[in-house]
Structure formats: C-alpha cells, structure tokens
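See below for the structure under consideration.
Just so you know, these numbers use all the heavy atoms, side chains as well, and skip hydrogens, waters and symmetry mates. Labels below follow one simple rule: chain letters A, B, ... track the order of the sequence lines, proteins then strands, and each chain is numbered from 1.
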Number of protein chains: 2
Amino acid sequence: MPSPPTHAEARTPKRPVVRRASERVAPKTSPATPRPTDDAETTSARILEAAEELFCASGYAAVSAGDVARRAGVNKALVFYHFGNMRGLFEAVLERYYEAHRKGLADALAEGGDVRARMHRLVDAYLDFMSTHARYARLVQAQLSDAETHALVEKSFTPLYRFIEETLLEVAPDEGEAAARQLFVTFSGAVINWCTYAPLLSRVIGGEPLTPPLLDERRAHVRWLVDLVLDALERRAVAPRARRAQPSRR
Amino acid sequence: MPSPPTHAEARTPKRPVVRRASERVAPKTSPATPRPTDDAETTSARILEAAEELFCASGYAAVSAGDVARRAGVNKALVFYHFGNMRGLFEAVLERYYEAHRKGLADALAEGGDVRARMHRLVDAYLDFMSTHARYARLVQAQLSDAETHALVEKSFTPLYRFIEETLLEVAPDEGEAAARQLFVTFSGAVINWCTYAPLLSRVIGGEPLTPPLLDERRAHVRWLVDLVLDALERRAVAPRARRAQPSRR
DNA sequence: ATCTCGGTTGACCGAACGGTCAACGCGTCC
DNA sequence: GGACGCGTTGACCGTTCGGTCAACCGAGAT
C-alpha cells in the first residue's frame, strides 16, 4: 500500500491541505509543455491554475480530471495524489480565490473616514475585484444551487455584509437590519451582476462591460446610487418621519 | 434506418428542432377521445418536466440522459427520440421558461400609466416571476459562461431592456442610453439576485428570502429604490420640463 | 551501499456516459 | 388483411469518466 501522503485523512474530511501555491506566478510559457521536473512552479500549483481556468470557463461539473491534467501538462493520477478527488480540487480553487477576495477588500474595509467615503471605497474595491475576477464570480454563481458550496462562499460574503450593516446603522440607526440586508443585496448585486452578466450584456447593450469606457461608467453609476441612498437615509434620519414603511400593495 | 422523425437533419447542425411541446390536445383526429394510450401527460412533456427539475437542481452538465429518463419514468432512448440530444432537451427547457417569462411580464409591459406606475408594475411583475421561478433564474446564471446559451437567454432580456430604456428616456430624455443601461442592470440585478442568491442569503441574513415576510420587504425596497431614482432623474431634468403632458409612447 | 520516502508514471478498473439500433405493439388507412 | 408509421423498448456500442494500483525514480539519511 503506497499510502497517499496527506490524503489518507483528506478523503474522509474535507480539506486536502493544498501545498504552497504562492511564490511567483511564473511566465507559464505554453500549455501542456512537458516540463522536465518541477522547476519554479510546484506541480500542485500548475494543477491548481489549470483547474481554475477550466472550472471558470465551463463550470465544475463539466470539467474532468483528464482535462485538468492535460492542461497542466502532468499525469492524471497526480491530480488525485495532490487533491484527493475532484471535489477537493474544486474547493482548493475556491479557497485560493477566497484569499484573493479577502486581500482585495482588506484595505477598503480597514481604513476609516466618514460613512460616504467608506462606502465609496468599498464599492470601488469590490468593482475592481469583480471586474478582474469576473470568471470567478461566474463560477460562484454557477454553483448557487449546490448546497455544499454555500459554506465555502459564505465566508466571502459575511464580512461584506457585516461592514455594510455597521456602516449603514451609523447613518440610519433606526432603520434596523432591514435596510442593511436590503441594501447589501442591492449594492453587491449592482457590482456583481455587471461583471457576471457581462457576456450577455454585451449582446443587449452595445460594447464590452468590463473594459474602460463602460466599466468607468458603471463605477460612476454605482457611486451615484450610493450617494442617492445615503442622502435619502440621512434625510429620513434627520426628519424623524416615523411612518414611512409602505406595506406593499398586495 | 428507422429514420427518427424530425431529427434526421438535426444531427449535423446544432438545433435539434424540438417537437411541438404545446399541443397538449389531440392533433386533429379523434378530438374528444381522452388520450387512449398515454395518460394525462404526453411522454415528451413528462421528460421535459423531469429535465427541468434536474437541470435547475444540478445544472446542465451534471445531468445525464439516464437521470432524466429515470425521473420521468420512461425509457432512456425516448429522450433522444423526442429531443434529438441533450442539448436539444436543454434548449427545450429554456424555451419553455422563456414562454412563461414572456407571459408573466406581458401585462406589465403592455398597460399604460405614467412612468412611475409603469416601473412599479414592471418590478412587481419581475419579482413575482423570479421569486416563483428562482430555480430557472439560477439555471440561467449557471450558464452565463456558455456562449451558446446567450442567444437563447438574450430573447428574455432584450424586451425588458427596451422597456426600461423607453420609459427612462421619457422622464430623463437628456441622459441618453447610459442611464438606461446602468439602471437596467441595477434594477434587474436588484430583483434577480434576491432570488438566485436566496440559498446563500439565508445563511448570511436570517430567514428565507423567498417567503412572504422577507419577500414583501424586498418588494418594498425595490419600489423605494425605483422612486428614489425617478425622483433624482426628474430633479435633474429641471430645465426642459416642457414635455410634461404624457407623450404617446406606443 | 542500502534504505527510505515523497513525487511520478502508465496501465488499469468498473461504472456511467451519450447515443444508436433492430425490433415490436398498435392504431390508421387503403 | 396487409402495409404503414409512430411511439416505445431493451440491448448494445464505443468512449470517457473518477479513481486506483504497483512500480519506479532520484535525493537524503544511515
């Protein structure tokens, strides 16, 4: 029995303990070039990168281990040696993006300033991340029906929600959680959908949503929307017009 | 060669020319006979329904023909007999939803009224449809990376976009298309994401987004957002207020 | 020099895949 | 009665799937 290294216990639990995937991204000369041995990039990083591209392009269920191995230029068995099974590989890809996501937003969430400045910084950083990682966003959306993926993705959304909740409670403390959760979905959707629906949008509206002219237009729009909402919340807070909740016509 | 009915020419191209799925009543002979062989539902309808459930639950690539046949309680070969191949089955499911989508919004798009009333009616109807067809919305989002699906889905979005474009140009004619396309994504995202992200949202916020208490809250929020935006647009179009008297739009 | 051990390989497995095929039951029309 | 054609069936095809296995390799440690 050859005893697969760390995956003996990785098969039953969930975390396959991905090897160091950092260092430099490396040139990645050509796909599927038969590298002599592991130089610069470690093998698992090559697999991870190939899997990332394929998952984002076609979705989890449509990618086979053979595809990943071919793209990475390694033997198929290595995929299972390093990541246990396909699910482990998928979660490793998600985990890697989670890290990029967290880092991309860390600054925007940490710095101070007044409510407006913080919100602007957040939507800016969020739009930056999503527009440069649109394929990842699409991958997550593609897994929205899969309950097993929710726990992984929840980690990315909760801090965002907490931030918006705290920030909005500051400017409109008597609105309660309702305004926070509603605006969280509205704002995050305003950013995310522009990026995930980009290939479809380009057919409906003219131009490419993820390239400068339209991307800047989107940024300006979301900022305008944030201002609009904050103005309304402040106005409502200053003039305590208690009854405003319109109880929907139906 | 037994010559599959209409799919002989469907093998080489891509569109499998789905059989008419709308003719539930007997074709032309024996109009009053209560379906001699197949009871109640015709076989292709059973397949279509099973496929719909499975596709929505797991995504296109994760569903096999055997799964569909087993769920529908029919022989696997019938899937290919009626729909040519898996892609044809998938497109038939999409087409069926497109019909429901179109019908669900037809009234809201057709009736008149002022801009505010029309927009309120639209977002109401859109939220109604999406909240009751959240799985379909998720299925479409899951196929967002697939270029071949875009053409099918585009049909649903374009009339919606045109409606918003026309309506907004009425209240803010000097904003151009920019405002229209930006607000189209913002509003549609505000409705769609609440429904597609529901399983994930229920983990971040408390409660179920698609059941009455929170769904009504969402409806009120989107209506509030529409009002906020329309107010801002009207305010911005102060100078050329000449066009006030209900210009005949259609 | 031998042993160990993590990384690597190609061959291999059973299952499941999408799709096909010949045959059949049965109602319809000549 | 007989030919016909549609819907249906179970067996079947070649391919690919996720995953396993024994063997192998080169570098350190002894």
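For A:His133 (side chain) and A:Phe129 (main-chain N/O), a donor-acceptor pair under 3.5 Å exists by modelled atom type. A donor-acceptor pair under 3.5 Å is formed between the side chain of A:Ser202 and the backbone N or O of A:Pro199. Side-chain atoms of B:Arg218 come within 3.5 Å of backbone atoms of A:Gln182 as a donor-acceptor pair (strictly under, hydrogens ignored). Looking only at distances, a side-chain donor or acceptor of A:Ser64 sits under 3.5 Å from a matching main-chain atom of A:Asp67.
Atom CE of B:Met86 and atom P of D:dT16 are 18 Å apart (whole Å). Rounded to whole angstrom, the span from the CZ atom of B:Arg70 across to the C1' atom of C:dG18 amounts to 14 Å. Between the P atom of C:dG19 and the CG atom of B:Asn85 lies a distance of 5 Å, rounded to the nearest Å. When the P atom of C:dG19 is taken as reference, atom CZ of B:Phe80 falls 5 Å away, rounded to whole Å. B:Phe90 has its CZ atom 14 Å from the P atom of C:dG19, to the nearest Å. When rounded to the nearest whole Å, the span between CD1 of A:Ile47 and C1' of C:dT9 equals 13 Å.
A:Glu166 pairs by the salt bridge (charged side-chain N to carboxylate O under 4.0 Å, His left out) definition with nothing, not counting sequence neighbours. A:Tyr161 pairs by the ring-ring contact (aromatic ring centres under 6.0 Å, His included) definition with A:Phe184, not counting sequence neighbours. For B:Tyr60, the ring-ring contact (aromatic ring centres under 6.0 Å, His included) test picks out B:Phe55, B:Phe90, with sequence neighbours left out. Taking A:His150 as the reference, nothing meets the ring-ring contact (aromatic ring centres under 6.0 Å, His included) condition, with sequence neighbours excluded.
In the region residues 52-62 of chain B, proximity to DNA chain D at under 4.0 angstrom, judged on heavy atoms, holds for none of the residues.
Taking only side-chain atoms of A:Thr43, from C-beta outward, the nucleotide of C:dT8, D:dT20, C:dT20 with the closest atom is C:dT8. Looking at the side chain of A:Asp67, the nearest of the listed nucleotides D:dG19, D:dC17, D:dT8 is D:dC17. The side chain of B:His82 approaches D:dT8 more closely than any other nucleotide in the set C:dG19, D:dG18, D:dT8.
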For nucleotides 9-13 of chain D, which of its nitrogen or oxygen atoms have a protein nitrogen or oxygen under 3.5 Å away, and what is each distance?
{"from": "D:dG10", "atom 1": "OP2", "to": "B:Asn75", "atom 2": "ND2", "distance (Å)": "3.4"}
{"from": "D:dG10", "atom 1": "N7", "to": "B:Asn75", "atom 2": "OD1", "distance (Å)": "3.4"}
{"from": "D:dG10", "atom 1": "N7", "to": "B:Asn75", "atom 2": "ND2", "distance (Å)": "3.0"}

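Here B:Glu165 contributes atom CD and B:Arg181 contributes atom CZ; the two are 9.0 Å apart, rounded to the nearest 0.5 Å.
No contact: B:Val68 has no heavy atom under 4.0 Å from any strand.
Side-chain nitrogen and oxygen atoms of A:Ser64 include none within less than 4.0 Å of the OP1 or OP2 phosphate oxygen of D:dT16.
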